[in-house]
Asks: 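Could you have a look at this structure, given as structure tokens, before my questions?
Quick note: residue numbers are just sequence positions, from 1. Every number for a ligand or one of its atoms is a count from 1 in the order of the listing.
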Amino acid sequence: MAFKSGFVAVVGRPNAGKSTLVNALVGRKVAIVTPKPQTTRNRIHGIVHSEEGQIVLIDTPGLLAPRTALERQMTDEIAQALEGIDLLCLVVDATAEFGPGDQHALERVRQVRCPQFLLLNKIDLIEKQKLLPLIERYSQVYSFAEIIPISALTGDGLDRLRQKLLEYLPEGPPYFPPDQVSDAPERFLAAEIIREKAMQATRQEVPHALAVLVDRYEEGEKLVRIYATIYVERDGQKGILIGKGGQMLKRIGTLAREELEWLLGRKVFLELYVKVQPNWRDRPEIVRQLDWRRQLERLS
Ligand SMILES: Nc1nc2c(ncn2[C@@H]2O[C@H](COP(=O)(O)OP(=O)(O)OP(=O)(O)O)[C@@H](O)[C@H]2O)c(=O)[nH]1
Ligand SMILES: [Mg+2]
């Protein structure tokens, strides 16, 4: 059989499980995951290699009506991810009732011209008989090429999904070399892992007020030195992040370092700073700095 290859956008509402799915199919962590909505802020390619073909998944931020400069950038990221794709996967949280957010998501994908799959995710959490009404509901309002129940967490249904993706992709040569799993540089992965640990360690409005920028990334053969700043919007948030006697920041740093050592396969020296940048989410000039593609252009 001829080799298949192509780009598959993974879209859906915040918290549907898009990044979990991309990581599971790639077989490595390329995107961060937290229980909080609006974790992903940039589109990232996660590359799935096999003998039959190469699936380039594009993880995207959750679909929503943008209110801040950050959310507008996230919406732009989705629009760019949808350009020139071969396939689209709409990921839906099957444990949630169909609501206005799902209607909005359908209207968004309706504008895209390519075959579309509906992935009913988190089926590990629901009774099988609840699936059928959901499938019927979606079938009535939209014509999907395939509707596939999955659990990105347990892996249920993912073999079938992989097969179906390859089936629909066009014939073509691979876009990425066999050892590449993501298009994002390690420097960005480092910032994201730090943000993931900080998001997981904090509550309420703090996780969403966090941004991480790597100030220096020095690669040695055995050791990577990373100096990064975590931005928050208010003094109170800075206090929470640093914690009593610096305990919180230390814990975040340790967790991030351990995971980065595992992901990069090298020792990591990590130094974290915390700075207040009032209302950065409403400030386009700061939001732009969080776009790693633009950062790369600036560095080169
Ligand atoms: N039980 C269960 N939980 C899941 C599954 N898939 C994802 N989750 C959980 O759902 C939460 C959100 O997962 P993410 O992968 O970050 O979701 P996302 O769609 O990328 O979210 P945003 O980036 O915020 O748009 C996390 O707590 C995941 O562990 C699943 O199949 N089953
Ligand atoms: Mg995500």
Asks: Considering both backbone and side-chain atoms of Thr20, is one of its nitrogen or oxygen atoms within less than 3.5 Å of a nitrogen or oxygen in ligand 1?
Replies: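 Checking ligand 1 against Thr20, an N or O pair does fall under 3.5 Å apart.
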Asks: Looking only at protein heavy atoms, which one is nearest to atom 27 (O) of ligand 1, and what is the separation?
Replies: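 It is Pro35 CA, 3.4 Å.
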Asks: Would you mind listing which atoms of ligand 1 come within a distance below 4.0 Å of any non-hydrogen atom of Leu125?
Replies: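 Counting atoms of ligand 1 from 1, those under 4.0 Å from Leu125 are 1 (N).
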Asks: Would you say Thr40 has an N, O or S atom lying under 2.8 Å from the Mg ion (ligand 2)?
Replies: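 Short answer: yes, at least one N, O or S atom is under the cut-off.
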Asks: Quick check: does Ser19 put an N/O/S atom under 2.8 Å from the Mg ion (ligand 2)?
Replies: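 Coordinating: yes.
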Asks: Among side-chain atoms of Glu77 and Gln73, is any donor-acceptor pair under 3.5 angstrom?
Replies: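 No, because no side-chain N or O of Glu77 sits under 3.5 Å from a partner of the opposite role on Gln73.
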Asks: Counting only heavy atoms not in Gln129 (residues, nucleotides, ligands), do more than 12 fall under 6.0 Å from its CD?
Replies: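 Enclosed: over 12 neighbouring heavy atoms sit under 6.0 Å from CD of Gln129.
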Asks: For atom 17 (O) of ligand 1, which protein heavy atom lies nearest, and how many Å away is it?
Replies: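 In this structure, atom 17 (O) of ligand 1 has Gly17 N, 3.1 Å as its nearest protein heavy atom.
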Asks: For Gly62, take its heavy atoms, then give the atoms of ligand 1 lying under 4.0 Å from any of them.
Replies: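 Taking each heavy atom of Gly62 in turn, ligand 1 has 25 (O) under 4.0 Å.
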Asks: Using a 3.5 Å cut-off on N or O atoms only, is Lys122 in polar contact with ligand 1?
Replies: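 It does: an N or O of Lys122 is found under 3.5 Å from an N or O of ligand 1.
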Asks: Can you list the atoms of ligand 1 that are under 4.0 Å from a heavy atom of Pro37?
Replies: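 Matching atoms, with element in brackets: 24 (O).
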Asks: Under 4.0 Å from any heavy atom of Pro14, which atoms of ligand 1 are there?
Replies: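 Atoms satisfying the 4.0 Å criterion: 25 (O).
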Asks: Given Phe117, which partner from the list Phe144, Tyr168, Tyr142 fulfils the ring pair (Phe, Tyr, Trp, His ring centres under 6.0 Å) test?
Replies: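 Of the listed options, the one satisfying the test is Tyr168.
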Asks: Return the residue, atom name and 0.1 Å-rounded distance of the protein heavy atom closest to atom 6 (N) of ligand 1.
Replies: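 Its nearest protein heavy-atom neighbour is Asn121 ND2, 3.2 Å.
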Asks: So between Ala24, Gly155, Ala31, Ala152, whose heavy atom ends up nearest atom 31 (O) of ligand 1?
Replies: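 It is Ala152 that holds the nearest heavy atom.
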Asks: Assess, by modelled atom type and distance only, whether the side chains of Tyr227 and Glu218 contain a donor and an acceptor separated by less than 3.5 Å.
Replies: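 Not at all, the side chains of Tyr227 and Glu218 share no donor-acceptor pair under 3.5 Å.
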Asks: Going by atom types alone, do Thr68 and Asp282 pair a side-chain donor with an acceptor below 3.5 Å?
Replies: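 Note: Thr68 and Asp282 side chains miss the donor-acceptor criterion.
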Asks: Taking all non-hydrogen atoms of both residues into account, name the closest pair between Asp124 and Ser151 and its distance.
Replies: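 Heavy atoms of Asp124 and Ser151 come nearest at OD1-OG, 2.9 Å.
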Asks: Does the side chain of Gln111 come under 3.5 Å of the side chain of Arg108 through a donor N or O and an acceptor N or O?
Replies: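 Per modelled atom types, Gln111 and Arg108 side chains form a pair under 3.5 Å.
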Asks: Between the side chains of Gln277 and Arg283, is a donor N or O closer than 3.5 angstrom to an acceptor N or O?
Replies: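 Result is yes, a qualifying pair exists.
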Asks: Side chain, backbone, both or neither: which part of Val33 has a heavy atom under 4.0 Å from ligand 1?
Replies: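 Val33 to ligand 1: contacts from backbone and side chain alike.
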Asks: List the closest protein heavy-atom neighbour of atom 1 (N) of ligand 1: residue, atom name, distance to the nearest 0.1 Å.
Replies: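 Going atom by atom, the protein heavy atom closest to atom 1 (N) of ligand 1 ends up being Asp124 OD2, 2.8 Å.
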Asks: Return the CG to CD distance between Leu241 and Gln237, rounded to the nearest 0.5 Å.
Replies: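 Reported value, rounded in 0.5 Å steps: 9.0 Å.
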Asks: Nearest to atom 21 (O) of ligand 1, what protein heavy atom do you find, and at what distance?
Replies: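 I find the closest protein heavy atom is Asn15 N, 3.0 Å.
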Asks: If you measure every N/O of Ser19 against every N/O of ligand 1, is any gap under 3.5 Å?
Replies: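 So ligand 1 has an N or O lying under 3.5 Å from an N or O of Ser19.
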Asks: Tell me which protein heavy atom sits closest to atom 26 (C) of ligand 1, plus the residue, atom name and distance to 0.1 Å.
Replies: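 For atom 26 (C) of ligand 1, the nearest protein heavy atom comes out as Thr34 O, 3.5 Å.
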Asks: Measure centre to centre between the rings of His45 and Phe7, then say whether the value is under 6.0 Å.
Replies: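 Yes, the ring of His45 comes within the 6.0 Å limit of the ring of Phe7, centre to centre.
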Asks: Would you kindly specify which portion of Gln38 sits under 4.0 Å from ligand 1, judged on non-hydrogen atoms: side chain, backbone, both or neither?
Replies: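 Near ligand 1, Gln38 shows its backbone, while the atoms from C-beta on stay back.
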Asks: To the nearest 0.1 Å, how far is atom 25 (O) of ligand 1 from its closest protein heavy atom, and which atom is that?
Replies: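 For this ligand atom, the closest protein heavy atom is Lys18 NZ, 2.8 Å.
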Asks: Counting only heavy atoms closer than 4.0 Å, does ligand 1 sit against the backbone of Leu153, its side chain, both, or neither?
Replies: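 For Leu153, the contact with ligand 1 is made by both the backbone and the side chain.
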Asks: Please report whether ligand 1 has a polar contact with Ile150, defined as an N or O pair separated by less than 3.5 Å (distance criterion only).
Replies: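 Looking only at distances, the answer is no, because the N/O contact criterion of under 3.5 Å is not met.
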Asks: Examine the side chains of Glu271 and Tyr273 and answer whether a donor and an acceptor come within less than 3.5 Å of each other.
Replies: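 Yes - a donor-acceptor pair under 3.5 Å links their side chains.
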Asks: Out of Thr39, Thr60, Thr40, which one pairs with Ser19 under the side chain to side chain donor-acceptor pair (under 3.5 Å) rule?
Replies: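 The single option meeting the side chain to side chain donor-acceptor pair (under 3.5 Å) with Ser19 is Thr40.
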Asks: Examine the side chains of Thr154 and Asp156 and answer whether a donor and an acceptor come within less than 3.5 Å of each other.
Replies: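 Absent: no donor and acceptor within the cut-off.
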Asks: Strictly under 4.0 Å, does any heavy atom of Gly12 approach an atom of ligand 1?
Replies: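 Checking ligand 1 against Gly12, which is what was asked, there is no heavy-atom contact under 4.0 Å.
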